[in-house]
Amino acid sequence: MTKRALIIIDLQKDYFPGGRWTLDGADEAVSKAATVLEDARRAGDLVVHVRHEFARDDAPFFAPGSPGAEIHPSVAPAAGETVVLKHNVNAFKDTNLKDVLDKHGVTDVTIVGAMSHMCIDAGARAASDFGYGVTVVEDACATRDLEFGDKTIASPEVHAAYMSSLGFAYANVVKAGDYLDARAPAA
C-alpha cells in the first residue's frame, strides 16, 4: 500500500523579495506549494518541512537564527508537523529525514521547494536512491540564474535542465495542476 509524504524543502524567507538570496519565481512557486500542502493535509499525508541553516554566522543567506532562515508563512508548519533542520544541500545528509519517513511507513514522496538545481535535485536523487517513489512538482520549485565560465544561464533554462534530468531517471516530474487533478476524488 502506498503511503505518501510531502517534503517541502527550503521555502524560507531569504529566497523571497527582500531576502538575501532572491530566487526567480519564488512567489509563484510558494503559491503552488501552498496548494499542494493544503491537498496533502486534506489527504492525511505526512508533511515534513525541511529548513536549511548554514552552520556559520557569516552565511550568505539562511544565517542561524535570522529572519531570513524562517519558513515562508504561506507554507508554515501546522501543529504536529515535522521540521527537519539541515546544514547541507541534501536534506537526507546528517538529518533524521529518512528515519521520520521510515517510522511512518512512507513509500512515496512528493517534493516541492528550492533551489531546483541544488536542494531539490539532491533531495529527489537521494530519495530515489533510498527506494522511495519520487514526484517533483516542478512549478512549486524555484531557482535563479547561474554562472558558468563566461556564461550566464537564465533561471528558466537552469530549472528546465534539472527537471529534465530528474524526470529521466529519478522522479515523476509534474505541474501542480496535473498533480492535484490526479489526486482529486472521483466525482
Side-chain angles (χ1 to χ4, degrees), residues 2-17 19 21-52 70-78 81-84 89-92 97 101 104 106-128 132-145 154-187:
T2 300
K3 177 135 171 83
R4 179 166 304 278
L6 172 63
I7 304 174
I8 304 170
I9 298 178
D10 300 353
L11 285 177
Q12 295 164 246
K13 291 179 181 179
D14 268 343
Y15 281 157
F16 294 85
W21 200 260
T22 306
L23 302 182
D24 295 330
D27 287 328
E28 295 82 1
V30 79
S31 175
K32 298 286 185 183
T35 64
V36 172
L37 173 58
E38 182 181 314
D39 177 74
R41 287 172 172 160
R42 188 174 35 255
D45 294 343
L46 177 68
V47 175
V48 180
H49 303 264
V50 177
R51 193 174 68 79
H52 191 147
E70 295 172 3
I71 294 173
H72 192 278
S74 296
V75 290
E81 291 178 346
T82 300
V83 178
V84 172
V89 171
N90 182 346
F92 288 91
L97 178 56
L101 298 175
H104 287 90
V106 169
T107 59
D108 294 79
V109 298
T110 298
I111 298 175
V112 300
M115 292 186 285
S116 306
H117 69 281
M118 294 294 290
C119 301
I120 299 304
D121 181 64
R125 289 172 187 256
S128 177
Y132 301 107
V134 180
T135 298
V136 174
V137 182
E138 64 95 1
D139 55 349
C141 298
T143 194
R144 61 185 290 148
D145 292 353
S155 62
E157 283 75 32
V158 171
H159 181 76
Y162 276 83
M163 293 303 113
S164 174
S165 178
L166 288 175
F168 183 75
Y170 286 97
N172 177 33
V173 178
V174 298
K175 292 199 174 292
D178 294 333
Y179 177 80
L180 296 170
D181 287 348
R183 288 173 49 91

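Keep in mind it's a predicted model, so treat the numbers as computed, not measured.
No donor-acceptor distance shorter than 3.5 angstrom exists from the side chain of Asp108 to the backbone of Lys3, with no hydrogens or angles considered. Asp139 contributes a side-chain N or O that, together with a main-chain N or O of Ala176, makes up a donor-acceptor pair within less than 3.5 Å.
Residues meeting the ring pair (Phe, Tyr, Trp, His ring centres under 6.0 Å) test with His72, sequence neighbours left out: Phe16. Not counting sequence neighbours, the partners of Ala78 by the side-chain contact (heavy atoms from CB on, under 4.5 Å) test are Arg41, Glu81. The side-chain contact (heavy atoms from CB on, under 4.5 Å) test applied to Ala114 returns Leu11, Tyr15, Leu23, not counting sequence neighbours. By the side-chain contact (heavy atoms from CB on, under 4.5 Å) test, Ser128 pairs with Val134, Tyr170, sequence neighbours left out. Under the rule for a salt bridge (charged side-chain N to carboxylate O under 4.0 Å, His left out), the partners of Lys175 that lie at least two apart in sequence or sit in another chain are Glu138. In this view, Ser31 satisfies the side chain to side chain donor-acceptor pair (under 3.5 Å) rule with no residue, not counting sequence neighbours. With sequence neighbours excluded, the residues satisfying side-chain contact (heavy atoms from CB on, under 4.5 Å) with Tyr162 are His117, Asp121, Val158. Legend: residues meeting ring pair (Phe, Tyr, Trp, His ring centres under 6.0 Å) with Tyr179, ordered by chain and number and at least two apart, are absent. Residues satisfying the salt bridge (charged side-chain N to carboxylate O under 4.0 Å, His left out) criterion with Arg4, sequence neighbours excluded, are absent altogether. For the salt bridge (charged side-chain N to carboxylate O under 4.0 Å, His left out) test, residues two or more places apart in sequence or in another chain that qualify with Asp39 are Arg42, Arg183. Checked against salt bridge (charged side-chain N to carboxylate O under 4.0 Å, His left out), Asp10 has the following partners two or more places apart in sequence or in another chain: Lys86.
Atom NZ of Lys13 has more than 12 heavy atoms from other residues, nucleotides or ligands within 6.0 Å.
To the nearest 0.5 Å, atom CG of residue Asp24 and atom CZ of residue Arg144 are 7.5 Å apart. The structure places CD of Glu157 at 9.0 Å from CG of Asp145, a figure rounded to the nearest 0.5 Å. Atom OG1 of residue Thr135 and atom CG of residue Asp178 lie 12.0 Å apart, to the nearest 0.5 angstrom. Atoms CG and CG, from Leu37 and Leu6 in turn, are 6.0 Å apart once rounded to the nearest 0.5 Å. Taking CD1 from Ile111 and CD1 from Ile120, the interatomic distance works out to 6.5 Å, rounded to the nearest 0.5 Å.
Applying the salt bridge (Lys or Arg N to Asp or Glu O under 4.0 Å) test to every pair with at least one member in residues 160-174, sequence neighbours left out, gives no pairs at all.
When all heavy atoms of Ile71 and Val75 are compared, the closest pair comes out as CG2-O, 3.7 Å. Closest approach of Pro17 and Thr22 over heavy atoms only: N-CG2, 4.0 Å. Closest of all the heavy-atom pairs between Cys119 and Val89 is SG-O, 3.4 Å. Heavy-atom minimum distance, Leu180 versus Val36: CD2-CA, 4.3 Å. The minimum heavy-atom distance linking Val106 with Tyr132 is given by the pair O-CE2, 3.5 Å. In terms of heavy atoms, Ala33 sits closest to Ala140 at N-CB, 3.7 Å.
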Under the criterion side-chain contact (heavy atoms from CB on, under 4.5 Å), I'd like the reasoning laid out for Ser165 against Arg125: C-alpha separation, chi angles, the key distance, then a yes or no.
CA-CA 10 Å; Ser165 178; Arg125 289 172 187 256; 2.8 Å; yes

Could you go through the side-chain contact (heavy atoms from CB on, under 4.5 Å) check for Met163 and Val136 one step at a time?
CA-CA 8 Å; Met163 293 303 113; Val136 174; 3.8 Å; yes

Any chance you could lay out the side-chain contact (heavy atoms from CB on, under 4.5 Å) test for Val50 and Ile7, step after step, and finish with the verdict?
CA-CA 7 Å; Val50 177; Ile7 304 174; 3.7 Å; yes

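No side-chain donor-acceptor contact under 3.5 Å links Thr143 and His159.
No option in Leu97, Val109, Ile8 other than Leu97 meets the side-chain contact (heavy atoms from CB on, under 4.5 Å) test with Val48.
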